[in-house]
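Down below is the structure, laid out as structure tokens.
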Amino acid sequence: MTIQISSGRIPVGMPSATVRDDPVGDQSCSSGSSARRPSCPTPTPGASSGGCAYDGSAITLVPVADVAHLVHGPIGCLGNSWETRGSLSSGPTLHRRAFTTAMGEHDVIFGGEDRLREAILDIGRRFRPAAVFVYLTCVPGLIGDDVEAVCRQAAAELALPVVPVLAAGFAGTKNAGNRLGGSALVTHVIGTAEPAYTTAYDVNLIGEYNIAGELWQVLPLLDRLGIRVLSKISGDARYAELTWAHRAKASMVVCSRALLSLAADLQARYGVPWFEGSFYGVRATSEALRGFAKILGDPERADRTETLIAAQESRVAALLAPYRQRLAGVRAVLYTGGVKSWSMVAALQDAGVEVVASGTTKSSPDDVTRIRGLLGADAQLIEEGNPRELLRIVRESGATLLAAGGRNMYTAAKGRVPFLDVNQERHSAYAGYDGAVTLAAEIDRIVSSPVFDLVRRPPPWAAAALTRTLVDARFPIGLAG
Amino acid sequence: MATIVQDDKPVTVDPLRSSAPLGAVLAFLGVARCMPLLHSSQGCAAMAKTLLTRHFRESIPLQTSALTEVTTILGSGDSLLAGIATVDDRHQPDLVGVITTALADAAGEDVRRTLGLRSPGTPVVLAAVPDLGGGLEQGYAAAVEAIIAELVLPRAGTTLDEQVTLLPGPALSPLDVEELREHAEAFGLRTVVLPDSSRSLDGHLDADWTPLLSGGTSLSVVAGAGRSAAVLALGAGLGSAGRMLGGSDAWVVAHAIGLDASDALVAKLAAVAGRDVPDALRQWRSRLTDGLLDASGILAGRRVALALEPDLLAGVGALLTEAGCHIITAVTTTAPAAADHLLDMACDEVVVGDFEDAEDRAREAGAELLVASSHGASAAQRLGIPLLRMGFPVVDRLGAQHLTSLGYRGSLRLLFAAANELLAVPDCPTSATNTTTSDRL
């Protein structure tokens, strides 16, 4: 059973917040069975650029700031990936220390459990973390290190929670890893303690990682509605708040397909209802706030919410107006994974940008429907977005902006196309009403740069006959005029 | 004289060591139209690619055999062959550089045998790297040796008197490699540079995006690497590679950083070419000596901590010691088999450890400057000292591929960068506004 919100203010195609109490079913990587879903593709040898399950589990869990995150594996797993994510903390920064057992040949031959145990004990004693999270990787997974047993023993010895995260790289994709990270929380962490007090307006945020401080753009809004975020999973989080997430009155899953399973588990075990939403863009932010009001079921709060939304929307409309004017005519191709696709489309449109194509890799059928709704029926959907393909689409659609993950930054640069980073490595915060203005300002800053014209021009001293370049009459002159 | 100390603590904190496969990828990226392919689960390649992309600010070609839980056990060889075939099909590279990883090793696959089963197609070179114990330099060396073993024609036929083979190690940035080549060319020598990142990873804009890097040493040039009159290897780990090409006459040094080491490189090239040192190099030497005097006003007596790969550690240590610094902390990634360059350092200990080791020792010894990659920034901040960025990865500043250190010119750049980091510290006692070199003499 789903409850639809009806409101004249929602544009056609904009997803309304629906309270979910139906099983998540086919829409996510969350069936709980280890069988791979048909639409979760196995990576193709020789044509793969996705991350692994360990990576995904780290995305979900490493933002917990007072926990020591220990990677059990050879040096490469952590060595090549530490300090790449932009999740910020308002306090402890233990999560930014990189701990690894750096397994060697001896460990592979004789097993790595001893080394792992020593490592956990050392960390526990020297760093006094709130907990230790231990991430399994391919090699110890393959040789059969019993990470769970070692964690149990070490936890007993240290009188400290030691949580095994069993998401070895080769177990699946980044999405699978996100889900497995969520599972680790449900299995070992959530429900193990009680909060000092509860209120009728306690909620969980699931899948919000405080990239570039985005959480801090959202919390003040919830504050003003008297909504207390009981547990943040996991941006700017502390271990303790994860333990009592089961006491929330509702959860919001923020832009995360894979963590729907976590929300569903909280509902199944503890009766916590949940809804999905996003904080990217004005419309999505307003819908998310309405979602909270509805799920908490308090009419007075619902009124306050509408008042807040009206005030914020008109404030932001005024701030966005000059950008919308400057950015009129900017056409963007958006290529990013999963749920972010539809929310970023809406956010770009709020900034006045026309989105001419959007990626749908890792998107569920639901996401795809939403994207179509936002873009219109002849929306171009990009399923396979290798760099050549992306540049072709950009060229053919006359796009003047590529919005994608950092991996494609240099695709854009080589193609002399303005680029907006919308992924984890970015340094700009785009959430909430203020974030929508930041996004517009950032797009303006980027597309207004004179370099794009400059680098497309051949040098004056070059021979008359030039090899074919991307200097093309269809590219509008940059907005720098 | 230094002793090498192995840190035996139970857990690595803030790793200094990069994985050996990463080093192998770096080497392959200096071969023209090469697609390196990691035999691993897809995450290894994704992470390595992200890291290399951030450092070089370039689209990096790198693929994977994308092993899964199932295929690792039941048929990793099939995945590898499928991966190579796909890469062939989509990108038509001139070379596929296959790199083993700890996973493939732990799975016990005989990769060479697998590759032997392959039907003929694009050339493949297999670099079996020590992912479980080695680091960047070891992986890089393994790849270079593999390239030489597979692609260089045996050392028969006429030796070309005017040709020299240059083997730049991983401590040389792309512009260092160019500097090295230009050194030799200044003496009228023709060069085979293997691998050559100077035009593949230098950061240049082509007419369009391409799936493979432009630049690098072509296979036809690689084939002739064994016919040179001399072989010069700049990297202690490249001794075996050098001897494969040049026998016992191969000239192998850990680095060419600092006045002494730069002089040695120039002297060697002069001897090989049988010519006088050209005017341009003489002028650069006089600029370096002048710069050493200028910088010594700021650097003499200053306490410096280094956390770098072995070649770079020895080289940067040598230069800063020439300028009068005291190297009071030296931490590195691995203890290489040939370690004279570390033992010769003017510090008490060279520690094989991590950034935590570097930070602890730097704090205890009162370091005033840390020389390390971008990963040293947190430690430097906690220590309250500036960080001079060198090595890999440098991702929080632009121009990583332009961080030169080789020869007179590179040494001068590095020297001024070190001095300027200290000058930029507020209330620096030797700031330019307070003293001049002549005052201090």
Side-chain angles (χ1 to χ4, degrees), chain A residues 42-55 70 74-84 96-105 108 115 118-119 121-123 138-139 141-143 168-172 387-388 391 406-407 409-411 413-416 455 467-470, chain B residues 9-15 17-22 37 40-51 53-54 57-59 63-69 72-73 79-80 82-87 89-90 101-103 105-107 131-133 135 205-211 374-375 378:
Chain A
T42 30
T44 310
S48 162
S49 54
C52 63
Y54 150 66
D55 196 12
L70 170 64
I75 191 70
C77 304
L78 184 63
N80 290 345
S81 66
W82 67 293
E83 292 192 324
T84 48
R96 291 185 62 81
R97 300 308 293 263
F99 300 104
T100 178
T101 50
M103 291 174 72
E105 277 200 66
V108 172
R115 194 186 202 48
E118 288 307 310
L121 295 177
D122 188 56
I123 289 169
C138 297
V139 169
L142 183 68
I143 65 172
F170 58 14
R388 191 180 270 129
L391 286 175
R407 183 180 301 147
M409 188 182 312
Y410 302 104
T411 305
K414 296 304 182 188
R416 297 151 170 83
V455 302
T467 51
R468 182 179 159 273
T469 68
L470 284 180
Chain B
K9 62 191 192 185
V11 65
T12 298
V13 182
D14 296 344
R17 183 157 62 107
S18 293
S19 68
L22 193 65
L37 187 139
S40 65
S41 71
Q42 66 174 359
C44 308
M47 287 177 184
K49 187 174 190 164
T50 298
L51 193 56
T53 297
R54 293 175 74 215
R57 298 183 188 264
E58 289 295 302
S59 243
Q63 265 304 326
T64 173
S65 53
L67 295 177
T68 64
E69 223 162 355
T72 301
I73 297 166
S79 293
L80 177 59
I84 296 171
T86 301
V87 162
D89 192 49
R90 291 196 182 200
T101 62
L103 181 60
D105 290 343
D131 195 8
L132 289 168
L205 200 60
D206 289 315
D208 199 351
W209 173 89
T210 51
S374 293
H375 282 318
S378 307

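Chain letters run A, B, ... following the sequence lines, proteins first, then strands; residues in each count from 1.
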Subject >> Distance-only polar pair, side chains of A:S49 and B:Q63, donor-acceptor under 3.5 Å >> reply: no
Subject >> Proximal component of B:D206, with respect to chain A [non-hydrogen, under 4.5 Å] >> reply: backbone
**OP:** Nearest 0.5 Å please: distance from the CE atom of A:M409 over to the CZ atom of B:R57.
**Re:** 7.5 Å
Subject >> From A:Y54 atom OH to B:C44 atom SG, the distance as rounded to the nearest 0.5 Å >> reply: 11.0 Å
Subject >> Residue, of B:A46, B:A85, B:A48, B:S59, that accumulates the most heavy atom pairs under 4.5 Å with chain A >> reply: B:S59
Subject >> A:L70 side, atom CG; B:T12 side, atom OG1 - distance, nearest 0.5 Å >> reply: 9.5 Å
Subject >> Pairs of heavy atoms under 4.5 Å with chain B: top-ranked of A:S48, A:C52, A:G79 >> reply: A:S48
Subject >> B:S18 OG to A:N80 CG distance, which is reported to the nearest 0.5 Å >> reply: 6.5 Å
Subject >> chain B contacts, top residue of A:I123, A:L142, A:I143 (heavy-atom pairs, under 4.5 Å) >> reply: A:L142
Original post:
Under the side chain to side chain contact (heavy atoms under 4.5 Å, CB included) test, which residues partner B:A102, sequence neighbours left out?
Top reply: A:P74, A:V139, B:D131, B:L132
**OP:** Please look at B:L67 and chain A and tell me whether the side chain, the backbone, both or neither of the residue comes under 4.5 angstrom of a heavy atom of that chain.
**Re:** backbone
**OP:** Could you tell me whether the side chain of B:Q42 and the main chain of A:G51 form a donor-acceptor pair under 3.5 Å?
**Re:** yes
Original post:
What part of A:L121 gets closer than 4.5 Å to chain B, counting heavy atoms only: side chain, backbone, both or neither?
Top reply: neither
**OP:** Could you tell me which of B:S41, B:A66, B:P15 has the largest number of non-hydrogen atom pairs under 4.5 Å with chain A?
**Re:** B:P15
Subject >> chain B contact via A:A413 - which portion, at a heavy-atom distance below 4.5 Å >> reply: backbone
**OP:** To the nearest 0.5 Å, tell me how far A:F170 CZ sits from B:I73 CD1.
**Re:** 6.5 Å
Original post:
What distance separates B:K9 NZ from A:E118 CD, expressed to the nearest 0.5 Å?
Top reply: 14.5 Å
**OP:** Answer with side chain, backbone, both or neither: which region of B:A107 has an atom nearer than 4.5 Å to a non-hydrogen atom of chain A?
**Re:** both
Original post:
Between B:R54 and A:E83, what is the shortest heavy-atom contact and its length?
Top reply: NH1-O, 3.7 Å
**OP:** Identify which of A:A168, A:G169, A:G76, A:C138 forms the greatest number of heavy-atom pairs closer than 4.5 Å to chain B.
**Re:** A:C138
**OP:** Under 4.5 Å, counting heavy-atom pairs only, tell me which of B:T53, B:V87, B:L205 racks up the most with chain A.
**Re:** B:L205
**OP:** Taking all heavy atoms of B:T86 and all of A:P45, pick out the closest pair and write down the distance.
**Re:** OG1-O, 3.3 Å
Original post:
When only pairs under 4.5 Å are counted, which of A:T100, A:T44, A:L78, A:V108 shares the most heavy-atom pairs with chain B?
Top reply: A:T100
Original post:
Would you call A:R97-B:D14 a salt bridge at under 4.0 Å N-O?
Top reply: yes
Original post:
Is it the backbone or the side chain of B:T210 that comes under 4.5 Å from a heavy atom of chain A, or both, or neither?
Top reply: neither
Original post:
Is it the backbone or the side chain of B:A45 that comes under 4.5 Å from a heavy atom of chain A, or both, or neither?
Top reply: neither
Original post:
At their closest point, which heavy atom of A:A102 faces which heavy atom of B:R17, and how far apart are they?
Top reply: CB-NH2, 4.1 Å
Subject >> Among the listed options B:S65, B:S40, B:S378, the residue most often paired with chain A at heavy-atom distances under 4.5 Å >> reply: B:S65
Subject >> Under 3.5 Å donor-acceptor, A:R416 side chain and B:A207 backbone >> reply: yes
